[in-house]
Amino acid sequence: MGVHEHKDLLEKIGVDVPRHAKMMEMGFESYKNQFMSQKNRPEAMKYFDWFMSEMQGQRIAEINKLRENKKPAIGAFCIFVPEELIVGAGGACFGLCGGSPATIADAETELPRNICPLIKSAHGFKLQKTCAYTQSSDFIYGETTCEAKKKTWEILGKHHPVKVMNIPHMKREKDLKLWKEELFEFKEHLEEITEEKLSLEKMKEGVKIVNEKRKALQRLDRLRSMNPDIIPISGKDGLFITQMGFLDDPVRYTQKVNELCDELEKRVQEKVSVFEKYTPRLMVLGTPFAPPNWKLHTAVETSGGAIVNEESCIGHRYYKDNVDLDDVQDEDTLMQKLLDKYSAVDCACFTPNAPRIDKVLQMYKDRKLDGVIYYTLSFCHTYNVEAHLVTQALENEGIPCLVIESDYSPEDAGQIKTRVEAFLESISFKNKAKNFQKLQEK
């Protein structure tokens, strides 16, 4: 693995190399057992298997090469980061480690127990110095999407440079005006690192690169979810590909996702499915899945179900919209176009958030799904509270829904699997009853 090959670099950026190497070896072994053991995987998944082995090795070397040339390397926890500006400045935008239970005990020396595990896990990675991405960040991008996050940034700032962007929780004209000012300020932070002006043309080039990445993910989403009888790739692999989009070089990643999609299109034409016909097709709603949080997908896809879409920040919410570059002739117009894209994200931090419910119902119908799992992390109050409104809307439409609240511990994996099995059984029974009724009506 690349961790050992890049030992000197990792030490230079302050990584606890022995602890980090052990963690990565355990993570890759888990990945091999859960992912590489799957049958009938697309051939193009070999690239993503390789990237898993090198994401804390070669990719870290690439990022630090950029830093040597005064290009920005920005760590993030949220899809509100204007990655187009970072890419336009020639830098790297990447998600930070935050999906493991192994760092939470360290985090709880500074943070309370009863907050979201993602925040604690990420904070713990910094305290342990076991995330090479965190150590490679010129600054960590923080946002004010929840109370726990915005107070954690104050504590995290003792250990690493943090810049906070104020994301308003309403979308009134005065709120959006404030948000636009924050985008201009973010650009200034990047210029402090590069020591040069970020031109309009460079920003537009960054937009084009990130737009192409999102188009590739939109294409993958359609191939995963819009063919009722053929599912050409497992939900677990689909999730992992999306997760890696927050770490990989965007140009290379876009190329590899499109190569995979070429193969998946051929599979659809040849009716090659990784699941049997009539396998219940599910969509997952709710909080993001930071790697290596694959617990729910594993439970579903070892219990007779298939996940064909994630309505989350690591999922549809991230790639559903592109930035419109038509008629962009000046910086102010570009910033407005960026704002239009980011303010269309239907995060549960916003109030009111009716567009999210409308989108969920439409996605369910368009994809001809069989059920929904509303998944939230423990103590994620925004998504836990909003679950009431979403599940009520699903119930009104007669859509089967299972609500699961969990953390990163493996201790509830058996319980989740049992609940998923019962949910899938109820869906199968409902579908059989529908088919029987159709036969009776003929």
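Heavy-atom basis, side chains included; hydrogens, waters and symmetry copies ignored.
- A distance-only check finds no donor-acceptor pair linking the side chain of H189 to the backbone of F139 [under 3.5 Å].
- Inter-residue side-chain proximity for E331 and K187 is flagged as met; some heavy-atom pair is nearer than 4.5 Å.
- When each of F289, F35, Y375 is paired with H297, the ring pair (Phe, Tyr, Trp, His ring centres under 6.0 Å) condition holds for F289 and for no other.
- If you look at W179 and F184, their ring centroids are not closer than 6.0 Å.
- For the pair I79/V345, a side-chain contact is recorded, criterion being any heavy-atom separation below 4.5 Å from C-beta on.
- At least one cation-pi condition fails for K163 and Y141: the charged atom is not both under 6.0 angstrom from the six-membered ring centre and inside a 45 degree cone around its axis.
- Contact annotation: the side chain of K341 never approaches that of N322 to less than 4.5 Å [non-hydrogen atoms, C-beta and beyond].
- Between E185 and K180 no salt bridge is recorded (no basic side-chain N to carboxylate O distance below 4.0 Å).
- Shown here is K320, whose NZ atom has more than 12 heavy atoms of other residues, nucleotides or ligands within 6.0 Å.
- Counting heavy atoms from C-beta outward, K149 and F77 have side chains that approach closer than 4.5 Å.
- Side-chain contact between K120 and T103: absent, with no pair of heavy atoms (C-beta onward) separated by less than 4.5 Å.
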I would like to know whether E212 and K208 meet side chain to side chain contact (heavy atoms under 4.5 Å, CB included); could you show each step before the answer?
CA-CA 6 Å; E212 288 302 312; K208 290 174 185 176; 5.7 Å; no

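- Two residues are said to be in side-chain contact when any heavy atoms from C-beta on lie closer than 4.5 Å; K417 and S303 meet this criterion.
- With C131, the cysteine C97 has an SG gap short of 2.5 Å.
- Counting only distance, with no hydrogens or angles, the side chain of N258 and the backbone of A216 share no donor-acceptor pair below 3.5 Å.
- Under 3.5 Å, the side chains of E143 and T145 contain a donor-acceptor pair of N or O atoms.
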Can you list the steps and then say if H20 with Q135 is a side chain to side chain donor-acceptor pair (under 3.5 Å)?
CA-CA 12 Å; H20 174 261; Q135 297 302 117; over 6 Å; no

Using side chain to side chain contact (heavy atoms under 4.5 Å, CB included), reason through D175 and R172 one step at a time and then give a plain yes or no.
CA-CA 5 Å; D175 302 308; R172 300 165 300 183; 2.7 Å; yes

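- Side-chain atoms of E182 and I167, non-hydrogen and from C-beta on, never get closer than 4.5 Å to each other.
- In summary, the aromatic rings of Y31 and F240 are positioned with their centroids under 6.0 Å apart.
- Put simply, the side chain of I307 does not reach to within 4.5 Å of the side chain of M283, judged on heavy atoms.
- Results of the salt bridge (charged side-chain N to carboxylate O under 4.0 Å, His left out) test with E310 over K236, R224, R317 single out R224 as the only residue that passes.
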